[in-house]
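Written below as structure tokens is the structure these notes are about.
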There are 2 protein chains.
Amino acid sequence: MFKFSRKIEYGILALQYMAGRKQELVSAKEIAENLELSFDFLAKTLQTLMKRGLVASHQGIHGGYLLAKDADKISISEIIRSLEKNISIVECSPSIDEASCSRMKNCTIRGPLLKIEKKMLLYLEQTSIAEISQHDKKTKLEIKIRN
Amino acid sequence: MFKFSRKIEYGILALQYMAGRKQELVSAKEIAENLELSFDFLAKTLQTLMKRGLVASHQGIHGGYLLAKDADKISISEIIRSLEKNISIVECSPSIDEASCSRMKNCTIRGPLLKIEKKMLLYLEQTSIAEISQHDKKTKLEIKIRN
DNA sequence: CATAAATAAGACTATTGTAATCGTATATAC
DNA sequence: GTATATACGATTACAATAGTCTTATTTATG
């Protein structure tokens, strides 16, 4: 549990890449080659981000993608929410009814867990693509995401 | 992604239950019946928590489990670390070598992600079973964890 | 000492979610 | 009209989690 999925990884990497080329159309192919990502998987990820309004696309020859808004307005939280069905750490939403969970009436831990979740999501909300890039430029960390 | 696994759910529920019966031996059967959990799955979870030193066990008739330390000394983070292989949100550890990831040399996001991770884990570290129980007594939230 | 009730532990299967791949359609610059 | 790009659905492969079952071991107690 608790791993960032490859979708999220690809999303963050691609958006960050695009942030470095403001306003320019960047093709999925270029991103995949430069970051050594699977083209197929990246393409699908970018298409999802497009549907969710994080990036804009342009079809046809010389087409590609660009950020739909400033990098400092795109939070990690928003990326996750765009790519995953559900960002919450607990499966039950506030709107769920009693029939779907027998523990409903006297569950003792959901409240506290939602509090934890709120804190974690707040931080993800506060961290933007711009910040990540900034951080990177400063520290020049050499690290990897996945084997 | 980002869901608490059933193991974690069971661990938190069981530890909280045991916290309410300080020093007493509580059988897995009792916990399973009262919280309506799968006995098999709970038993396995408790055995793991025992190996990790979070609970102590007593075999034989009238046997059971009890907390190995005070409820305010058991953090959510510790529970997760005890039950999952790896709590980190990124798969690459600081000790990993370049051969295992081609992006190693110029990965731009791991540093920032580790920073995010550190923040989240800090909060999980700061939240104890005792706090969760406390929270519950105050608020009497009626919620559930899973369908 | 026999028995019942409890934990300990490993093996196995099922289910689910994620990742990866492929084929085809559509748009568009030239 | 062709080459190159995105759009999108279908399908397969794989891995992690969840769930089940069996057997062994421990121990209080009559």
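From a predicted model like this one, the values you see are computed outputs, not experimental measurements.
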Task: Nearest-Å distance for atom pair CG/P, residues A/L42 and D/dA7 - done: 12 Å
Open item on the list: Starting the side chain at C-beta, find the nucleotide from D/dA18, C/dT28, D/dC8 nearest to A/K51.
Closed with: D/dC8
Open item on the list: Between C1' on D/dA18 and NZ on B/K85, what's the gap in Å once rounded to a whole number?
Closed with: 13 Å
TODO: Look only at the side chain of A/Y10 and the backbone of A/K44, and say whether a donor-acceptor pair between them is shorter than 3.5 Å.
DONE: no
Task: Residues B/K115, A/E131: salt bridge by 4.0 Å N-O rule - done: no
Open item on the list: If we ignore hydrogens and angles and just use 3.5 Å, is the side chain of A/N86 paired with the main-chain N or O of A/S88 as donor and acceptor?
Closed with: yes
Task: Closest to the A/Q59 side chain, choosing from D/dT20, C/dA27, D/dA18 - done: C/dA27
Task: Donor-acceptor contact below 3.5 Å, side chain B/Y65 vs main chain B/M50 - done: no
Task: Between D/dA15 (P) and A/K7 (NZ): distance, integer Å - done: 18 Å
Open item on the list: Is there a side-chain contact between A/S27 and the phosphate of D/dT4, meaning an N or O under 4.0 Å from OP1 or OP2?
Closed with: no
Task: Atom pair distance, as rounded to whole Å: CD1 in B/I8 and P in D/dA16 - done: 16 Å
Open item on the list: Can you say whether a donor on the side chain of B/K44 sits under 3.5 Å from an acceptor on the base of D/dT20, or the other way round?
Closed with: yes
Task: d(CZ, B/R52; P, C/dA9) in whole Å - done: 12 Å
Task: Between C1' of C/dA27 and CG of A/L25, the distance in whole Å - done: 14 Å
Task: Atom pair distance, as rounded to whole Å: OH in A/Y10 and C1' in C/dT21 - done: 13 Å
Task: Given DNA chain D, 5'-ward residue of the pair B/I61 and B/S38, judged by closest heavy atom - done: B/S38
Task: Shortest side-chain distance from A/F41, nucleotide among D/dC8, D/dA18, C/dA20 - done: C/dA20
Open item on the list: Can you identify which nucleotide, out of D/dT6, C/dA8, D/dA18, has its nearest atom closest to the B/S57 side chain?
Closed with: C/dA8
Task: Euclidean distance, atom CD of residue A/Q47 to atom P of D/dA5 [Å, nearest integer] - done: 14 Å
Open item on the list: Within the 4.0 Å heavy-atom criterion, would you say B/A28 contacts the bases, only the backbone, or no part of the nucleic acid?
Closed with: sugar-phosphate
Open item on the list: Check this one for me: any side-chain N or O of B/H62 less than 4.0 Å away from OP1 or OP2 of C/dT7?
Closed with: no
Open item on the list: With a 4.0 Å cut-off on N to O distance, would you call A/K3 and B/E84 a salt bridge?
Closed with: no
